[in-house]
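Everything on this sheet refers to the single structure shown next.
These figures come from a predicted structure and were not determined experimentally. Chain identifiers are assigned alphabetically (A, B, ...) following the order of the sequence lines, protein sequences preceding nucleic acid strands; residue numbering begins at 1 within each chain.
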Number of protein chains: 2
Amino acid sequence: MTSSRERMVEAAFALFDEQGYDATTVEEIVERAGVSRSTFFRAFGSKEDVIFPRHDDLQARIAARLETGTPASYRVALREAAALVLAQYLDEDQLALSRYRLTRSVPALRDREIASMLGYQRLFREHARRWLAELGGPDVDLHAELLAASVVTAHNVVLRRWLRGETADPWHEFDDAMASVLAPDASGPAAQQGTTVVVLQDDRPVEEVVASVREALSRPASRRR
Amino acid sequence: MTSSRERMVEAAFALFDEQGYDATTVEEIVERAGVSRSTFFRAFGSKEDVIFPRHDDLQARIAARLETGTPASYRVALREAAALVLAQYLDEDQLALSRYRLTRSVPALRDREIASMLGYQRLFREHARRWLAELGGPDVDLHAELLAASVVTAHNVVLRRWLRGETADPWHEFDDAMASVLAPDASGPAAQQGTTVVVLQDDRPVEEVVASVREALSRPASRRR
DNA sequence: ACCGCGACGATACCGAGTTTCAGGGGCGAT
DNA sequence: ATCGCCCCTGAAACTCGGTATCGTCGCGGT
C-alpha cells in the first residue's frame with residue numbers, strides 16, 4: 001500500500017515528463033494519483049514543492065551535522081555537510097535526473113532550486129561565522145560568506161557534472177573540489193589560479209604611459225593587449 | 001508629464017510600504033496609478049517585476065562591460081562589472097532601501113532577488129570560463145565558477161552592509177572586498193611599483209580616456225576607479 | 001458507546017497572469 | 001484633409017495556483 005504522498009510524486013513526475021511542467025495542472029496530478037486537490041496542497045503546499053519532496057528532511061540533516069562542528073574541525077563539518085547534499089542526489093538517482101531536466105527547462109523551477117541551495121548555503125554561512133569568530137581573524141563576516149559560497153559552489157559543480165553524466169566517480173571529484181576550497185593553506189580561489197597579472201608598465205613616467213594608451217586606442221580592438 | 005511606467009512603480013512601492021506586498025493587489029496599484037490592469041502587465045509582465053524596474057537594463061550593461069574584457073585583464077573586468085551593480089543600487093538609493101525592506105520580509109521576493117543576482121553571476125562565470133581557458137590551468141570550470149561566486153558574494157556583503165546602514169563608505173569596502181577576492185598577492189615588490197593599464201571600453205572619445213588615465217594615476221591606488 | 005483527533009474531500013473564493021477584441025491617437029503617404 | 005497603418009491602451013472573460021471553510025470518515029483510547 002503506497003502512501004498517497006508517494007503516488008502524488010510519482011504521478012507528478014510522470015505527467016511533467018509527458019507534457020511538461022506548465023502544461024500540467026494540479027487537477028491532472030491529483031486525478032492520476034486518485035486523491036483530492038486539498039490533499040495535494042496539504043502535503044506539498046505548492047505545485048513547485050512536489051519537485052523537491054525531501055527538501056525539508058535534507059535541510060534538517062545538514063543543520064544537525066553542522067551543529068556537531070567545532071572551530072577546530074570546521075572544515076570537516078563543512079565538507080561532510082556538503083557530502084550530505086551530494087549523497088541525497090546520488091541516492092535519488094532517477095528522481096534527481098528528472099528534476100534536473102525540469103529545472104533546465106522551466107525558469108521558475110530553476111530559481112526554486114537555486115533558492116533551496118542558497119538555503120543550505122545560509123546554514124553553512126551562519127555556522128562558519130560562529131567558528132571563524134572564535135578563531136579570530138580579519139573581517140569574519142566576509143570570510144564566512146566566501147567560505148560558504150565556495151563550498152556550495154564547488155559542490156554544485158560536481159553535482160552538475162554527475163547530473164550531466166560527465167563523471168563516473170562523483171565522490172572522487174567531490175574530494176578534489178572540497179580540497180581545493182577547504183585546504184588549510186589556501187587563501188581563496190584567486191590564490192589558486194596560477195595566473196599572473198600582466199603589468200604593462202612599471203616605472204615609466206606618467207606622460208609616457210598616457211602616450212602608450214593613446215597609441216593603443218588607435219589600433220584595432222582585436223590587437224589590444 | 002511622468003510616464004505611466006514611472007507612476008506604476010511609484011504607486012506600487014507606496015502601497016507595498018503602506019500595507020505590505022501580499023496585501024496589495026495589482027488592481028489597487030493600477031487604480032492609484034490611473035491606468036488599467038492590462039497596461040501594468042504589458043509593462044512589467046508580473047507583479048514581482050515592478051520591484052526590479054531596471055533589472056534588464058543593468059544586466060545588459062554588465063554583459064557589455066564583460067564583453068570588453070581580455071584574459072590579461074580579467075580581474076579588472078570582473079571588478080568593474082561588479083562595480084556596476086553596486087553603482088546601480090547606490091544610485092537608486094531610496095528605491096533600493098524600500099526594495100531591501102521588501103525582500104527581507106517577503107520570501108518570494110527574496111528568492112527573486114537571489115535569482116537575479118545569480119543571473120549576474122552566470123554572466124561572470126561564462127566570461128571567466130573563457131578567460132581562464134585561454135590562460136590555461138587545472139579545472140577551468142571549477143575555478144571559473146568559484147571566481148564568479150566569490151566576486152558576487154563579496155559584492156553582496158558590501159551591498160548588504162550599505163543597505164543596512166552599516167557603512168558610510170561602501171566604495172572603500174568594495175575595493176577591499178574585491179582585493180581580497182581578486183587581487184593577486186599584493187605584498188610583492190612588483191605589485192607596489194607596477195602600473196597596470198587596462199582599457200575596458202572604447203566608446204568614449206580617446207582624449208577623454210586619456211584624461212581619465214592621467215587623473216587616475218595621480219590618485220592613491222586604492223581609490224582608482 | 002462516546003469522544004478526540006487527524007487525514008481527507010468538496011466547495012467557494014481570491015488574485016495573478018493570459019487572451020481576445022475593440023477603440024484611439026499619432027503620423028507619414030497620397 | 002483623408003486614408004491607412006501601427007502602437008498603445010482599455011475592457012472583459014478565462015485559466016489556474018493557492019487559501020479558507022466546513023463536513024465526513026476512520027481509528028484508538030476511555
| Is the cationic atom of R99(B) (NZ for Lys, CZ for Arg) positioned less than 6.0 Å from the six-membered ring centroid of Y89(B) and within 45 degrees of its normal? | yes
| task | Decide if atom CZ of R122(A) counts as having more than 12 heavy atoms of other residues, nucleotides or ligands within a radius under 6.0 Å. | result | no
| said: Take a 6.0 Å sphere around CD of E48(B) and say whether it holds more than 12 heavy atoms from other residues, nucleotides or ligands. | reply: yes
| request: Over 60° means perpendicular and under 30° means parallel, so classify the ring planes of H127(A) and W131(A), tilted if in between. | output: tilted
| F124(A) vs L147(A), side chain to side chain contact (heavy atoms under 4.5 Å, CB included): CA-CA, chis, key distance, verdict | CA-CA 8 Å; F124(A) 284 46; L147(A) 191 56; over 6 Å; no
| said: Can you list, in residue-number order, the parts of residues 25-36 of chain B that come under 4.0 Å of DNA chain C, counting heavy atoms only? | reply: T25(B), V26(B)
Donor-acceptor list for residues 52-59 of chain A side chains, cut-off 3.5 Å, not counting sequence neighbours:
| unit_1 | atom_1 | unit_2 | atom_2 | d |
| --- | --- | --- | --- | --- |
| R54(A) | NH2 | D57(A) | OD2 | 3.0 |
| H55(A) | ND1 | Y120(A) | OH | 3.0 |
| H55(A) | NE2 | Q59(A) | OE1 | 3.2 |
| D57(A) | OD2 | R61(A) | NH1 | 2.5 |

Lys/Arg N to Asp/Glu carboxylate O, [X] vs [Y], below 4.0 Å:
X       : Y       : value
E113(A) : R110(A) : no
R75(B)  : E80(B)  : no
E31(B)  : R37(B)  : no

| task | Any chance you could measure T153(B), atom OG1, to R125(A), atom CZ, to the nearest 0.5 Å? | result | 9.5 Å
| query | In Å, rounded to the nearest 0.5 Å, how long is the span from NZ of K47(B) to OG1 of T25(B)? | reply | 7.0 Å
| task | Encode nucleotides 23-28 of chain D as B, S and - characters from 5' to 3', where the letter depends on protein heavy atoms closer than 4.0 Å: B to the base, S only to sugar-phosphate, - to neither. | result | ------
| DNA chain D contacts made by residues 38-56 of chain B, counting heavy atoms under 4.0 Å | S38(B), T39(B), R42(B)
| request: Classify the side chain of R37(A) versus the base of dG18(D) as yes if they form a donor-acceptor pair under 3.5 Å and no if they do not. | output: yes
| message | Under the rule for salt bridge (Lys or Arg N to Asp or Glu O under 4.0 Å), what residues qualify as partners of R130(A), not counting sequence neighbours? | response | none
| field | Heavy-atom contact window of chain B on DNA chain C, given 5' to 3' at under 4.0 Å | value | dG15(C) to dT18(C)
